[in-house]
Novice: 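Supplied in structure tokens, the structure appears directly below.
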Amino acid sequence: MEELDYNTQREKLNMPEYGRHVQKMIEYVASLPNKEKRNEQIQSVVQVMGTLNPQLRDINDFKHKLWDHVHVISDFKIDIDSPYPTPTRESLSTPPSPIPLQKTPVKAAHYGRNIENMIEVIARREDDEVKTYMIKTLASYMKQQYLIWNKDSVSEETIFNDIYKLSDGRITVPEGVHIGMGMTPMKGHRPQNNNKGKQNGSNNGKRWKNNK
């Protein structure tokens, strides 16, 4: 009985998304003794790789990616004249630069760092009507975040005290601010009124005078 050929018993694929046939073609090209012949044959292999992976066309300079993948699949052992700089194992395996994160601990985990950043911005602002509006919005948002952690109701005093503590005493909620009272328009931002009826009335009056 002929023994079955399992993938687990085969040589590991360097880039499985291209499949074993592409890897065998690249291994064959790499084994050719004539470099000119290798350069000629690898052109056809790159075309096949692009056909098998059309999603690479969405990447900028996708042909450069294909040629880099040729070297990866050959385990960087193929000797060809690539139209692009020959990559090295180190250049393609270099980990990305870490994203700098704030190391200071969060004062209140149930609010999160974003609210602390918002409090810092508001605390630096001079007292004015806009700052009061920002505090009101902040308090409403903090109540929503509080209730995510604690399903019970929370009093305004608790939220206002938390704002005071998290701002290190720099923010005191002004009198008259209440959570859930709605966002009243600031001065200079009056809602638009529909004055068509008045305008029509004035026009009708003029028209009546002209017809008199």
Side-chain angles (χ1 to χ4, degrees), residues 15-17 53-62 64-65 68 87 90-212:
M15 295 192 72
E17 56 267 37
N53 291 270
Q55 69 275 8
L56 290 178
R57 297 182 182 273
D58 297 331
I59 302 176
N60 292 334
D61 202 3
F62 79 99
H64 193 170
K65 284 285 184 184
D68 284 351
E90 292 73 20
S91 65
L92 295 180
S93 61
T94 303
S97 302
I99 300 176
L101 300 176
Q102 291 180 311
K103 297 182 179 180
T104 54
V106 178
K107 297 179 181 178
H110 57 285
Y111 288 128
R113 193 178 298 277
N114 287 338
I115 285 182
E116 290 187 10
N117 294 337
M118 293 166 62
I119 289 176
E120 183 64 27
V121 171
I122 296 174
R124 293 177 182 177
R125 185 181 180 88
E126 296 182 1
D127 294 339
D128 58 5
E129 187 178 359
V130 174
K131 183 174 181 178
T132 301
Y133 191 82
M134 294 170 68
I135 293 174
K136 184 191 303 182
T137 305
L138 172 66
S140 298
Y141 182 58
M142 288 176 64
K143 180 178 181 180
Q144 295 176 9
Q145 295 301 110
Y146 188 100
L147 294 176
I148 291 176
W149 287 73
N150 188 347
K151 299 300 181 181
D152 297 333
S153 60
V154 57
S155 65
E156 289 185 348
E157 288 74 19
T158 300
I159 300 299
F160 296 165
N161 288 335
D162 286 346
I163 292 176
Y164 183 82
K165 292 177 182 177
L166 292 175
S167 66
D168 296 326
R170 291 177 294 168
I171 299 178
T172 301
V173 179
E175 294 183 3
V177 172
H178 298 285
I179 300 176
M181 64 183 296
M183 301 302 171
T184 55
M186 296 181 292
K187 294 180 180 179
H189 295 270
R190 297 180 179 178
Q192 296 181 355
N193 295 324
N194 189 351
N195 296 324
K196 292 183 179 180
K198 295 181 179 180
Q199 293 177 357
N200 292 338
S202 60
N203 291 336
N204 290 337
K206 292 179 180 180
R207 190 180 300 110
W208 180 83
K209 290 179 180 180
N210 292 334
N211 295 333
K212 187 174 178 181

Novice: List the atom of Leu147, the atom of Ser153, and the distance in Å for their closest heavy-atom pair.
Specialist: CD2-CA, 4.1 Å
Novice: Can you confirm whether Tyr164 sits close enough to Ile171 that some side-chain heavy atom of one is under 4.5 Å from a side-chain heavy atom of the other?
Specialist: no
Novice: So, do Gln145 and His110 sit near enough that their side-chain heavy atoms are less than 4.5 Å apart?
Specialist: no
Novice: Do you know which two heavy atoms are closest between Glu156 and Val177, and how far apart they sit?
Specialist: OE1-O, 4.4 Å
Novice: Indicate whether the side chain of Thr158 and that of Ser155 have a donor and an acceptor atom separated by less than 3.5 Å.
Specialist: yes
Novice: With a 3.5 Å distance limit and no angle check, can you tell me whether Ser167 reaches the backbone of Ile163 through a side-chain donor-acceptor pair?
Specialist: yes
Novice: Any heavy-atom pair between the side chains of Ile179 and Phe160 that's under 4.5 Å?
Specialist: yes
Novice: Distance check, rounded to the nearest 0.5 Å: Gln144 atom CD versus Ile159 atom CD1?
Specialist: 10.5 Å
Novice: Should we count NZ of Lys131 as having more than 12 external heavy atoms under 6.0 Å?
Specialist: yes
Novice: So does Glu157 get a backbone contact from the side chain of Asn161, meaning a donor-acceptor N/O pair under 3.5 Å?
Specialist: yes
Novice: State the CE-OH distance between Met142 and Tyr111, to the nearest 0.5 angstrom.
Specialist: 4.0 Å
Novice: Nearest 0.5 Å, please: how far is CE in Met134 from OG1 in Thr137?
Specialist: 8.5 Å
Novice: Below 4.5 Å, heavy atoms only, C-beta onward: do Asp168 and Lys107 meet side chain to side chain?
Specialist: yes
Novice: Under the criterion salt bridge (Lys or Arg N to Asp or Glu O under 4.0 Å), I'd like the reasoning laid out for Arg170 against Glu120: C-alpha separation, chi angles, the key distance, then a yes or no.
Specialist: CA-CA 9 Å; Arg170 291 177 294 168; Glu120 183 64 27; 2.7 Å; yes
Novice: To the nearest 0.5 Å, what is the distance between CD1 (Ile119) and CG (Leu138)?
Specialist: 5.0 Å
Novice: At what distance, to the nearest 0.5 angstrom, does OG1 of Thr132 lie from CZ of Arg125?
Specialist: 10.0 Å
